[in-house]
Amino acid sequence: MQAEPLIDQWYAWAHLIPPATAARNLTHRHLRILESFLNAPHVHANAAKNAAMLGGPFIHYGRESVAELTELRRRTRQERTNLLELSAALEQLDSMLRTVPHDDPLPPLYEKVPEILRGYVELHYDLRNNASFRLLEPLLYRSRFYDPSGQSLILSITSGDDRPFALSTPRLCSPGMVHLRWKFDDARVDELFKLRRAPKPWAWIKDALEIADEDEQTFRSFLTSEPPATYQPHRGAGLRWRYFGHACILVETAHLNVLLDPVVSYRYESNIPRYTYADLPDRIDYVLITHNHMDHVLIETLLQIRHKVREVIVPKGGSGSLQDPSLKLTLEKIGFRCVRELGELEQLPLRAHGGCIMGIPFIGEHSDLAVATKLAYMIRLGREQILFAADSCVHEPRLYDHLHAAIGEVGTLFIGMECVGAPMSWLYGPLLLRPIERGIDQARRLSGADSAQVQALIERLRCKDIYIYAMGQEPWLNHVMSLKYTEQSRPIVESNLLIRRCVTDGLGAERLFGEKEILIDRLSDEPVAISA
Ligand SMILES: [Fe+2]
Ligand SMILES: [Fe+2]
């Protein structure tokens, strides 16, 4: 059973939760796509079939959906006036600040802030005397601009990886689906997904989840009387890690379960082996999130594992800039009760194994925008040091000289090499408060590291086992990634090159795909006595 989280029928991702980014995406993504479709539905239908336009702003429905999408546009304009006003006010505030003569004191300008934003922003200069603003995000969440009433879940049967790109097309309900108009933080979300491991009688389910009579038949088609598969936890003295696809890795010891960047496939017949929800432990001590891109913060997976998670660790953020909303607040709003921010070189001690989780600087990959909410993680267990670098770039190799001095050698490295990422506007376009030239947009991409950069990192941290991950190759991510590589694609060419070099240098190197399991027999954390 697939469970898609929606906001006003659009596939939910992390920028649709904070009021300011939600407002900008509403006006500058969703309504624009709807307008464009309603003007020329055939153009969208054709573009959506064109592989070269995969991931573009095209609705993959045809003319038959015009009436329903006209109604969605009408309802959105009527019910989301708060967000429409917020989006316009942010633009007005930016225009007002652009007219400020450099160096003028800012306090007199507070009364010129658009009325609805007054009390929700602080005005400031950067060190080059450009006037700007910071959003007081916790207050915005308590204002009329945060309204989770449009959140819902659509349940359906899923039987394969061929999900269309989800971010440009509103989800319309059809037979065989159950539309649950629950907010994401609803306790019934947890009760629903607990059923994967803990069966209950139908009467209990219907009552606890308040399933409507008209949905009963369809809902029951998602259930099975087969007992759930039993999960085999790791019991050995050492460590087991399993690759679930993309940047999702489960690290287990006998006492600890850590899951990074959760993105989990559903289970169905496929010739690509993979771990699924059935392969997750009942308790996940820590979920670690590296950064706020939709392939690393997948609300669809997060809601389905929330009931298992004790604590989520996120990069320290909260700068209040439009492009860098607080991930802590976002996750709290979707129902995670225990979310902790970790900073660069800050450590979270792990009682087991005398180890720790350490935040490691992650630079680049955000189109050169000031985004602080990104962090690589090093897990230290015994003498093992494993670095999960996600989409870190190595623009300045000296960073890793300094890190080597601070943390020593890192035996195992996981790093993404999506070295040709999407243009800036693909993700950040709706947030930009002045149009950007096409050339700049194409040049400032969401690109990860190439082979020379990763090589520089490996040399400095003396890595011995290198795993290239987070490549977006698993087809169960098609609905958010829209990547189709060939052997000639640069990320593949570059990662092949890196693997060859590493092998020549006597290092282990592999590009992960599908699933992988590695066992490390023992963690060398035994107490060592001084000899007499
Ligand atoms: Fe990324
Ligand atoms: Fe990524």
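Keep in mind the model is a prediction, meaning the values are calculated, not measured. Order of appearance sets the numbers: ligands from 1, and atoms from 1 within every ligand.
For the residue pair Y268 and Q2, no side-chain donor N or O sits within less than 3.5 Å of a side-chain acceptor on the partner.
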Check residues 403-424 and write down every donor-acceptor pair under 3.5 Å in which the side-chain atom is one partner and the other belongs to a residue at least two apart or another chain.
from: E409; atom 1: OE1; to: K464; atom 2: NZ; distance (Å): 3.4

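Figure legend: cation-pi geometry between K333 and Y146, with NZ or CZ positioned under 6.0 Å from the six-membered ring centre and within 45° of its axis.
Between K374 and E365 no salt bridge is recorded (no basic side-chain N to carboxylate O distance below 4.0 Å).
Looking at residues two or more places apart in sequence or on another chain, you find no side chain to side chain contact (heavy atoms under 4.5 Å, CB included) involving S159.
For residues 322-349, no pair satisfies ring-ring contact (aromatic ring centres under 6.0 Å, His included), with sequence neighbours left out.
Within the sub-2.8 Å shell of the Fe ion (ligand 1), the protein contributes these N/O/S atoms: H291 NE2, H293 ND1, E365 OE1, E365 OE2, D391 OD2.
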